[in-house]
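What's counted below: heavy atoms across the whole structure, side chains too, no hydrogens, waters or symmetry copies. Order of the sequence lines fixes the chain letters, A, B, ..., with proteins taken first and strands second; residue numbering starts at 1 for each chain.
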2 protein chains.
Amino acid sequence: MKSRSYDSFFANFSNGTRLAIILCLKEKALSVGEIVEKVGGEQSNVSHHLEHLRRCKILNVEKKGKKRIYSLNKKTVMPMLRLVEKHVCNNCESCPMGCGSYAGG
Amino acid sequence: MKSRSYDSFFANFSNGTRLAIILCLKEKALSVGEIVEKVGGEQSNVSHHLEHLRRCKILNVEKKGKKRIYSLNKKTVMPMLRLVEKHVCNNCESCPMGCGSYAGG
DNA sequence: AACTCACATGATTAATATTTCATATGAAAA
DNA sequence: TTTTCATATGAAATATTAATCATGTGAGTT
């Protein structure tokens, strides 16, 4: 239950950068370059995060020429996000929970 | 999107100890002492984690004499856990995702 | 009132995760 | 086949979190 659980599923959502990546893929699949543009920061950093997300099957990859197109596993992710949105609405009127961070678009 | 999101909702599930606390409250509400017994470790540490969980309204507290009874916000938490269980079944046959960590009882 | 009990809190230390930097790889273009 | 583009990878540096230790607080007991 120790180190492994840190690399686990939920860690992907509790990290700002990874959450940003997830959110920016809600619309449509994007290449790494495009993701970097959207979320900002170093390419290598985004790449590291993409690996985590892929490992947990939150994202899928597909090669296309020399690009790699990442897409969101919506089946899991969308209901998850909705669940938390609802939770916040119901419980966190004005609590300091950082509610804004996942309520994207 | 920085430090705040770390203290955010999902962080509670990505931490082994906090997840253990959540799981041990699925059955019934427990006092701090009982939780400590179940999850092990120092009382103060458990207490710190309980605060996070309470802040995010994942747990509720109720005073009872000199004890404090913590209960789980099942409405949010249960469907969340189910969602991930399903995700793991569907996607992570044998991937090194630490799948065991939340599939508790 | 002094004493426990049950728990919380704050500061310090230890553990882990994320960022950055330098560089590697692999696909297409020239 | 050299070069460039798009992305990945590894190691070192930083930042963030969690665990520990010492102590505080408040409710009930004696």
Short side-chain N/O contact to C/dT18 OP1/OP2 from A/R18, under 4.0 Å: yes
Comparing B/E34 and B/H48 on DNA chain C - which has the more 5′ nearest nucleotide: B/E34
Donor-acceptor pair (no angle test) under 3.5 Å: B/S44 side chain, C/dC7 base: no
5' priority, DNA chain C, between A/G65 and B/Q43 [closest heavy atom]: B/Q43
Atom pair CZ/CZ of A/R18 and A/F13 - distance to nearest 0.5 Å: 10.5 Å
A/E34/A/K38 salt bridge by N-O under 4.0 Å criterion: no
Side-chain N or O of A/Y70 closer than 4.0 Å to phosphate OP1/OP2 of D/dA8: yes
Among D/dT9, C/dC5, C/dT20, the nucleotide that comes nearest once only the side chain of B/K66 is considered: C/dC5
Touch class at under 4.0 angstrom, heavy-atom based, for B/H49 against every strand present: sugar-phosphate
Sugar-phosphate only, base, or nothing, as touched by A/S31 at under 4.0 Å among non-hydrogen atoms: sugar-phosphate
Residue-phosphate contact under 4.0 Å: A/T17 side-chain N/O, C/dT19 OP1/OP2: yes
Phosphate contact (C/dA17 OP1 or OP2) by A/N15 side-chain N/O below 4.0 Å: no
Main-chain N/O of A/K57 paired to A/N73 side chain as donor or acceptor, under 3.5 Å: yes
Listed nucleotide nearest any side-chain atom of A/H52, set C/dT20, C/dT18, C/dA8: C/dT18
Which nucleotide in C/dA27, C/dC7, D/dT9 has an atom nearest any side-chain atom of B/K67: C/dC7
Aromatic plane relationship, B/H52 with B/H49 - under 30° parallel, 30 to 60° tilted, over 60° perpendicular: perpendicular
